[in-house]
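Residue numbers begin at 1 in each chain, while the letters A, B, ... track the order of the sequences. The model shown is predicted, which means the values in this text are computed figures rather than measured ones.
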2 protein chains.
Amino acid sequence: MSAATVSPRLRPPAGDRAAILDALRTAGYRLTAPRQALVDLLVGQGGQCFTAEDIYGQVRGVTPRLGRATVYRTIERLVELSLLERIHADGPCHSYVLGGASHHHHLICSVCGRVWEFPECALPQLLLDLSAQVGFSVEGHHVEVFGRCAACRSAA
Amino acid sequence: MSAATVSPRLRPPAGDRAAILDALRTAGYRLTAPRQALVDLLVGQGGQCFTAEDIYGQVRGVTPRLGRATVYRTIERLVELSLLERIHADGPCHSYVLGGASHHHHLICSVCGRVWEFPECALPQLLLDLSAQVGFSVEGHHVEVFGRCAACRSAA
DNA sequence: CTTCGTGCAAAACCTTTGCAACTCG
DNA sequence: CGAGTTGCAAAGGTTTTGCACGAAG
């Protein structure tokens, strides 16, 4: 990949354990052991997207007593705080990626599931103009681009 | 709404009962009574998005003997034929809208759930350029804009 | 201490599947 | 008729909830 020459550039998804725990504490949530274990796991996903059930499966190997409900509740909390972003990929219900704090969009590899973020909002003015035409007040938007990343293309 | 002056314009989602039945037949599927009842219901959604369970709930009042499995199987078939489009809105799993045959994007009212389609692909060249930078081969993309439609704004 | 969080288990959902009966073409 | 469809019921999966115990601040 030679992405370094043009801007805006792509950057790897954020996954800062300390920052996440900090945000949790700041929001008034307790820093419990299960939450820390889960944050560790999430950071360990390396920017790939995952489902709640994925995480539950993985956590069983590390902290077997950690319950399914805690996984779901923690994920929900992180989404509320925009530390985790729910992405709307196909498949068994919701997937998530780390690092939803800043506004951005996704580039999703259909082979390996890895996600890249667009650090800038690339929504064209055109869409906003069209929305205004029908009296629409835009509250948010979501852009997903699907394709094959370089690694998966060369592997084929 | 005064959308008529600028192009590309918005158009209401397609919902042509005859065309759908025709497409089903052309694809080699039988035109059974349950399928026709379901198509009627889908057309009757008036461009709003819905879940499979929504449809099942509604069909019970009209054709009580029509089973849940038939609803799910019919929806799947229509999606395969691009007569129905799976949209990735939040909420209890998958939602759908009628009229996925042409490439377009969605404008979704967060209050009433009504969906407008962008008849043209408005994905900015920028995103494609960025994708190319990281060696990504783009296979598809999906754009959703959330907001409040004119009717829901004036109702507030 | 008091409140918030956890684990467990069960419940609630949504979706898919197996199979005998049925019906469109 | 015969292949494709349907209904029913049950299974499979995911997500949510209730509650008593436990831990954090």
| field | Separation of atom CD in Glu53(B) from atom P in dT14(D), rounded to whole Å | value | 18 Å

| Of the options Leu42(B), Leu38(B), Leu78(B), which is the one that meets Ile20(B) in a side-chain contact (heavy atoms from CB on, under 4.5 Å)? | Leu78(B)

| said: Looking only at the side chain of Arg30(A) (C-beta and beyond, no hydrogens), which of the listed nucleotides dA24(D), dT14(D), dC14(C) gets closest? | reply: dA24(D)

| Does any donor-acceptor pair link the side chain of Arg73(B) with the base of dG7(D) at a separation under 3.5 Å? | yes

| message | Please classify the nucleic acid contact of Arg65(A) as base, sugar-phosphate, or nothing, using heavy-atom distances under 4.0 Å. | response | sugar-phosphate

| Rounded to whole angstroms, how far apart are CG on Leu66(B) and P on dG7(D)? | 4 Å

| Whole-Å distance between dT14(D) C1' and Phe50(A) CZ? | 16 Å

| Atom pair distance, as rounded to whole Å: CZ in Arg68(A) and C1' in dA11(C) | 13 Å

| Between dC13(C) atom C1' and Asp54(B) atom CG, what is the distance in whole Å? | 13 Å

| said: Closest-nucleotide mapping onto DNA chain C: is Ala52(B) or Thr32(B) further toward the 5' terminus? I mean the 5' end. | reply: Ala52(B)

| said: OP1 or OP2 of dT15(C) versus the side-chain N and O atoms of Tyr72(B): is any pair under 4.0 Å? | reply: yes

| Where the side chain of Leu31(B) is concerned, which of dG25(C), dG7(D), dA23(D) is the nearest nucleotide? | dG25(C)

| task | For Tyr29(B) and dA3(D), give me the distance from atom OH to atom C1', rounded to whole Å. | result | 14 Å

| message | By the 4.0 Å heavy-atom rule, please label Arg35(A) as base, sugar-phosphate, or nothing. | response | sugar-phosphate

| request: For Tyr56(B) and Leu66(B), work out which heavy atoms get closest and say how close. | output: CE1-O, 3.6 Å

| query | In whole Å, what is the span from the CG atom of Leu78(A) to the P atom of dG5(C)? | reply | 12 Å

| note | By nearest-nucleotide position on DNA chain C, the 5'-leaning member of Ala69(A) and Ala69(B) is Ala69(A)

| Donor-acceptor pair, Arg35(B) side chain versus Arg30(B) backbone, under 3.5 Å? | yes

| query | If you look at every heavy atom in Thr63(A) and Ala37(A), which pair is closest and at what distance? | reply | OG1-CB, 4.0 Å

